[in-house]
Amino acid sequence: MVATGICRSDDHMISGQLALPLPVILGHEAAGIVESIGDEVTTVKPGDKVIPLFLPQCGKCAVCKHPESNACLKCKLTVPQGTMQDGTTRFTCRGKPIYQFAGTSTFSEYSVVDETSVVKIDPASPLEKVCLIGCAFSTGYGSAVNVAKVTKGSTCAVFGLGGVGLCVIMGCKAAGAARIIAVDLNKDKFAKAKEVGATECINPQDFKKPTHEVLKEMSGGGVDFSFEVVGRYDTILSALSCCHEAYGVSVIVGQPPGFQDLRMDPMLLLTGRTWKGAVFGGYKGKDSVPKLVADFMAKKFPLDSIITHVLPFEKINEGLDLLRSGKSIYTILTF
Ligand code: PAD
Ligand code: ZN
Ligand code: ZN
């Protein structure tokens, strides 16, 4: 491993939002160099620069064969196994097994991954930047361009201006949205949101009315596309309600708290709204990650604007504190 980002999803695991077999090595957004390969591995070789894929692409299952989906059946997203696809874990500590996370476990100098969970990228790419294509960037950008399929001239609303939300904004802008309204409780996030493409920023605390009402008024009846990039039930419903009742599309990107159900009024959908969600921005990793790295190298999108801190791996807890306090966007840890 050469570099790994700290994603909010890693912190969600630490806080226990999703049950995981323990002890576990977290981390899923990284870039590195292949050290060695198994006998039957053909798509990567020692010395290759690679990005691990927390969402594998086996290429053979019904999902991989479907043109519009990416949650490969080799990955048990909602019931994490904590192992390789063969059911084993390759980490031990004093003879006891340590579980793996999302088939990647990148908070470690070395990891073992299935061939379907790793892809070769341009050898010239800066690993301490393109590691973000392993999660945050692709998740946000793809949610706009692949999942919502944002259209030219449209109005978008993005709830949550963390690293992923900022990448959603970049995707909306690249797709030609005319208005991108950014929503966050922390106004310190607004400058960055504008830098990457937001046209307006609002703080729900500045209004007496519910946020979805404010957004409906601002957009003359409802936005075309809305994105929930926080991971809360109230913002999921607010994002759904703020999109146009007849043709609005709302995408869930944030990871909601587990162990609870969400109550919603089905009338919100009966009138014509579309409610969607996806992991990893709908991208199939093996096919898309090398292309996204090539697009980054061709300067089609920036990553520097979302990297606020670079720390040595030993300072991982400082990096997590920066995320929790809202002071960082993305912290990259280097080995
Ligand atoms: P982050 O914590 O950096 O950003 C979340 C932002 O939401 C912060 O700026 C908060 O101030 C803001 N916020 C909090 N509460 C509210 C509220 N009530 N209304 C408006 N804004 C609010 O997180 P992130 O950008 O790294 O990740 C965002 C979510 O996306 C998080 O839930 C993470 O787990 C999830 C994620 N999903 C995938 C995926 O594949 N679907 C990948 C990576 C991250
Ligand atoms: Zn992530
Ligand atoms: Zn598959």
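Treat the numbers as computed from the prediction; the structure is a model and nothing was measured. Counting starts at 1 for both ligands and their atoms, in listed order.
In this structure, Leu268 and Ser241 have side chains that are in contact, with non-hydrogen atoms separated by less than 4.5 Å.
Closest to atom 35 (C) of ligand 1 among all protein heavy atoms lies Gln255 N, 3.5 Å. Looking only at heavy atoms of the protein, atom 30 (O) of ligand 1 is closest to Gly254 CA, 3.4 Å. The single protein non-hydrogen atom nearest to atom 23 (O) of ligand 1 is Arg8 CB, 3.5 Å, given as residue, atom name and distance. Counting protein heavy atoms only, atom 36 (C) of ligand 1 is closest to Ser9 OG, 3.6 Å. Counting protein heavy atoms only, atom 41 (N) of ligand 1 is closest to Val253 O, 2.9 Å. Remark: minimum distance from atom 16 (C) of ligand 1 to any protein heavy atom is reached at Leu185 CD1, 3.6 Å. Among protein heavy atoms, atom 40 (O) of ligand 1 sits closest to Phe280 N, 3.1 Å. From the protein, the heavy atom lying nearest to atom 38 (C) of ligand 1 is Thr139 CG2, 3.5 Å.
In the model, Thr199 has no side-chain atom that pairs as donor or acceptor with a side-chain atom of Lys194 under 3.5 Å. Between the side chains of Glu29 and Thr106, no donor-acceptor pair is found at a separation under 3.5 Å.
Taking the six-membered ring for Trp, Phe296 and Phe137 have ring centres at least 6.0 Å apart.
On a distance-only criterion, Val164 and ligand 1 share at least one N/O pair closer than 3.5 Å.
The angle Cys61:SG - the Zn ion (ligand 3) - Cys58:SG amounts to 110°, with values rounded to 10 degrees.
For atom 4 (O) of ligand 1, the candidate residues are Ser143, Cys167, Gly162, Gly142; the nearest heavy-atom contact is made by Gly162. The heavy atom nearest to atom 6 (C) of ligand 1, considering only Asn186, Asp184, Val230, is found in Asp184. If you check each of Gly281, Gly165, Gly160, Pro204 against atom 7 (O) of ligand 1, the one with the closest non-hydrogen atom is Gly160. Between atom 5 (C) of ligand 1 and the options Val158, Val229, Asn203, the minimum heavy-atom separation is to Val229.
Contact annotation: Cys135 has at least one heavy atom less than 4.0 Å from an atom of ligand 1. Judged by the shortest distance from any of its heavy atoms, Ala136 lies outside the 4.0 Å radius around the atoms of ligand 1. Using a 4.0 Å cutoff on heavy atoms, Phe159 does not count as a contact of ligand 1. Residue contacts with ligand 1 include Ala278, since one or more of its heavy atoms lies under 4.0 Å from the ligand. In this structure, Gly326 falls outside the shell of residues with a heavy atom less than 4.0 angstrom from ligand 1.
Counting non-hydrogen atoms of neighbouring residues, nucleotides and ligands closer than 6.0 angstrom, the NZ atom of Lys173 reaches no more than 12 such neighbours.
Only the side chain of Tyr330 comes within 4.0 Å of ligand 1, counting heavy atoms alone; its backbone N, CA, C and O stay farther away. Contact annotation: for Thr235 versus ligand 1, heavy atoms closer than 4.0 Å belong to the side chain alone.
Between atom CD of residue Gln255 and atom CG of residue Asp11 there is a gap of 10.5 Å, rounded to the nearest 0.5 Å. In this structure, Phe101 CZ and Phe54 CZ are separated by 8.5 Å, a value rounded to the nearest 0.5 Å.
Taking the six-membered ring where the residue is Trp, His244 and Tyr247 present parallel rings, their angle staying beneath 30° rather than reaching 60°.
Interface atoms of ligand 1 facing Lys189, defined by a heavy-atom separation under 4.0 Å, are 9 (O).
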